[in-house]
Amino acid sequence: MCPKELTNISHLHPFTQAVLQVIHAIPSGKVQTYGGVARFAGNPKGARQVARILHSSSQKYHLPWHRVINSQGKISLDPVGAEEQRLLLVAEDITFLSNGRVKMDEHLWDGDGLFFV
DNA sequence: GCCGTGACTTCGT
DNA sequence: AACGAAGCCACGG
């Protein structure tokens, strides 16, 4: 893996590096939960860390930050940011249910294509 | 090195 | 269905 956007991150904590790579690997049209990303990255209990990473370095590493949502299939942002994220997801043909949740059984990423060095 | 801080999650009420 | 508490962990001050 190690895409060019994620070069020079070796100074970061191993888990943080893994999280960045996992998020980067989420394909368009798919979503993953904070907990799911943490699990793929090797620490099932690192969900809050995933959130913190997105908050602090989503722009810095050009991550598809909008493809990460919470375990209920909902967007975990204030109304303003939530609308932006929803639009980005809709643009990838991701469908939302009437209750405001992403149709998880259709769009939840299964980790296909993910591998580590 | 302690302490507060999160775009969280799970399990009780 | 909604709410609160507890667990969680790297990071920055």
Side-chain angles (χ1 to χ4, degrees):
Chain A
M1 190 64 53
C2 200
K4 66 177 182 182
E5 292 86 350
L6 297 181
T7 56
N8 195 24
I9 61 174
S10 55
H11 62 287
L12 300 173
H13 188 284
F15 176 63
T16 300
Q17 294 184 43
V19 167
L20 292 175
Q21 296 195 358
V22 169
I23 295 175
H24 190 83
I26 305 175
S28 175
K30 292 292 182 180
V31 297
Q32 187 50 254
T33 67
Y34 298 89
V37 171
R39 179 161 36 81
F40 284 133
N43 183 357
K45 301 181 178 176
R48 300 198 72 171
Q49 195 52 11
V50 173
R52 196 190 139 285
I53 291 167
L54 282 169
H55 179 75
S56 59
S57 25
S58 59
Q59 288 296 328
K60 186 175 177 183
Y61 296 110
H62 307 155
L63 297 173
W65 58 271
H66 57 283
R67 298 180 189 143
V68 185
I69 59 182
N70 66 30
S71 63
Q72 303 176 73
K74 297 199 291 190
I75 292 175
S76 293
L77 281 180
D78 57 276
V80 180
E83 178 62 7
E84 178 188 359
Q85 183 168 3
R86 191 184 65 79
L87 290 174
L88 286 169
L89 292 175
V90 169
E92 296 184 351
D93 292 322
I94 287 178
T95 59
F96 283 77
L97 304 177
S98 57
N99 57 19
R101 307 183 186 202
V102 167
K103 198 166 184 294
M104 295 295 268
D105 55 6
E106 182 178 337
H107 294 114
L108 183 63
W109 182 44
D110 57 9
D112 182 48
L114 180 64
F115 63 95
F116 291 107
V117 296

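These figures come from a predicted structure and were not determined experimentally. Here is the naming used below: chain letters follow the sequence lines, and residue numbers restart at 1 for every chain. The basis for the numbers below is simple: all heavy atoms, side chains too, and nothing from hydrogens, waters or symmetry mates.
For the pair A/R39 CZ and C/dC8 P, the interatomic distance rounds to 18 Å; values are reported in whole Å. Atom-to-atom, CG of A/N70 to C1' of C/dC8 comes out at 17 Å; the value is rounded to the nearest Å.
Near DNA chain C, defined here as any heavy-atom distance below 4.0 Å, there are no residues from residues 82-96 of chain A.
Looking at heavy-atom distances under 4.0 Å, A/G46 makes no contact with the nucleic acid at all. Residue-level contact check: A/T33 touches the backbone only, with heavy atoms under 4.0 Å from sugar-phosphate atoms and none from bases.
Nucleotides of DNA chain B with any atom under 4.0 Å from a heavy atom of chain A span, from 5' to 3', B/dG6 to B/dT10.
Not a single side-chain hydrogen bond (donor to acceptor under 3.5 Å, both in side chains) links A/E84 to another residue, sequence neighbours left out. Not counting sequence neighbours, A/H107 has no partner by the side-chain hydrogen bond (donor to acceptor under 3.5 Å, both in side chains) test. The ring-ring contact (aromatic ring centres under 6.0 Å, His included) search around A/W109 returns A/F40, not counting sequence neighbours.
A 4.5 Å side-chain heavy-atom check between A/R101 and A/F96 finds every atom pair outside the cut-off.
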Pull out every protein N or O sitting under 3.5 Å from an N or O of nucleotides 10-13 of chain C, one pair per line with the distance.
unit_1: C/dA10; atom_1: O4'; unit_2: A/Q49; atom_2: OE1; d: 3.2
unit_1: C/dA10; atom_1: O4'; unit_2: A/Q49; atom_2: NE2; d: 2.6
unit_1: C/dA10; atom_1: O3'; unit_2: A/Q49; atom_2: NE2; d: 3.4
unit_1: C/dC11; atom_1: OP1; unit_2: A/T16; atom_2: OG1; d: 3.4
unit_1: C/dC11; atom_1: O4'; unit_2: A/R52; atom_2: NE; d: 3.3
unit_1: C/dC11; atom_1: O4'; unit_2: A/R52; atom_2: NH2; d: 2.7
unit_1: C/dC11; atom_1: O3'; unit_2: A/R52; atom_2: NH2; d: 2.9

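Both A/K45 and A/K74 lie close to DNA chain C; mapped to their nearest nucleotides by heavy-atom distance, the more 5′-ward contact belongs to A/K74.
Under a 3.5 Å cut-off, the side chain of A/Q85 and the backbone N or O of A/H66 do form a donor-acceptor pair. With hydrogens and angles disregarded, no donor-acceptor distance shorter than 3.5 Å links the side chain of A/K74 to the backbone of A/N99.
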